[in-house]
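First the structure, in the form of structure tokens, and then the observations on it.
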Amino acid sequence: MPRTPLIAGNWKMNTTLAEAEQLATATVRAAADLLDREVMIAPPFTALAQVADTLHDSTVILAAQNICWAEKGAFTGEISPPMLKELGGTMAIVGHSERRHVFGESDALINRRVAGAMENQLVPILCVGETLEERESQRTTAVLEQQIRACLAEITVTDPAGLVLAYEPVWAIGTGKTATPEQAQEIHAFIRKLLTAMFEKDIASQIRILYGGSVVPDNVDALMGQEDVDGALVGGAALQADSFERIIHFNS
Ligand code: PEP
């Protein structure tokens, strides 16, 4: 069965409410005629409620940029799965490299986020990726295997649509340096094989693996043309309505 491509926009810590409204409206319009792919946006927490209104009755999926495992309580700075679901959100980015490297989130913590999202029927987009130093010392696959096994420890996947992975080499995020389509495919195939060792083959073959790291209109088609690249997680280019429109209209 072919995997439905997913193009996901991560707005990071950007957008006033007015900008969020404009960008969400443009995304809804741009995605309206696309039936063979999914489009998702992850605004900052402050704009989630407003963007939820704009996405109402559209095909665009609402996501959070992070999610806690607990339902409520003493977790300053966090939002819970029920809070996101109340707004109509169905996905959450977890383990983004900025969470790992700027805020020190560990694989063990990210594992709790993945579990909490899935227990609440939210789809986590689990981000993994190696640093430049790890790549240059030939440790890319070892690092990815460690991250994936640890972040998915004790996780059971019964529905492949319930989990998304994103391969985001740290050296490619926000730097303008993109993995070549061949480099992306090589790593995505490695991740697919690892998932096959961890889960049932039918499940592993259907889990979507996105590529992220300086995806722009000029490179999206070649990346999406790779067999195991099932979508893109887009940062900077998701903040420009025209760039994101071109990206979601990729031709592979
Ligand atoms: C990201 O935020 O996940 C990302 C890949 O950013 P950018 O597209 O700007 O590199």
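First listed ligand is number 1; within each ligand, the first listed atom is number 1. Just so you know, these numbers come straight off a predicted model, no measurement behind them.
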Contacting atoms of ligand 1, where contact means under 4.0 angstrom from a heavy atom of Gly236: 7 (P), 8 (O), 9 (O)

For atom 1 (C) of ligand 1, closest protein heavy-atom neighbour: His96 NE2, 3.2 Å

Neighbour count above 12 (heavy atom, 6.0 Å) for Lys85 NZ: yes

Side chain, backbone, both or neither: the part of Ile173 lying under 4.0 Å from ligand 1 by heavy atom: both

Test item: side-chain donor near acceptor, Gln183 and Tyr167, under 3.5 Å: no

Arg208, Arg3, Arg37 screened by salt bridge (charged side-chain N to carboxylate O under 4.0 Å, His left out) with Asp230, the one that passes: Arg3

Glu98 heavy atom under 4.0 Å from ligand 1: no

Protein heavy atom at shortest distance from atom 2 (O) of ligand 1: Lys12 CE, 2.6 Å

Ligand-side contact atoms (ligand 1) for residue partner Ser214, heavy atom cut-off under 4.0 Å: 7 (P), 8 (O), 10 (O)

Per-atom contacts, ligand 1 versus Gly174 - under 4.0 Å to a heavy atom: 7 (P), 9 (O), 10 (O)

Sub-4.0 Å heavy-atom approach of Ala237 to ligand 1: no

No-hydrogen, no-angle side-chain donor-acceptor test under 3.5 Å, Glu227 and Gln185: no

Which of the ligand 1 atoms, numbered from 1, are nearer than 4.0 Å to a heavy atom of Gly213: 5 (C), 10 (O)

Check against salt bridge (charged side-chain N to carboxylate O under 4.0 Å, His left out), Asp107 and Arg149: CA-CA 9 Å; Asp107 288 334; Arg149 285 195 183 275; over 6 Å; no

Atom 8 (O) of ligand 1 [closest protein heavy-atom partner, distance rounded to 0.1 Å]: Gly235 N, 2.8 Å

Trp69 six-ring centre to Arg112 NZ/CZ under 6.0 Å and within 45° of normal: yes

Pair Glu133, Trp171: side-chain N/O donor-acceptor within cut-off below 3.5 Å: no

Any Ala172 heavy atom less than 4.0 Å from ligand 1: yes

Interatomic spacing from CE in Met118 to CG in Leu152 - rounded to 0.5 Å: 8.0 Å

Protein heavy atom at shortest distance from atom 5 (C) of ligand 1: Glu168 OE2, 3.1 Å

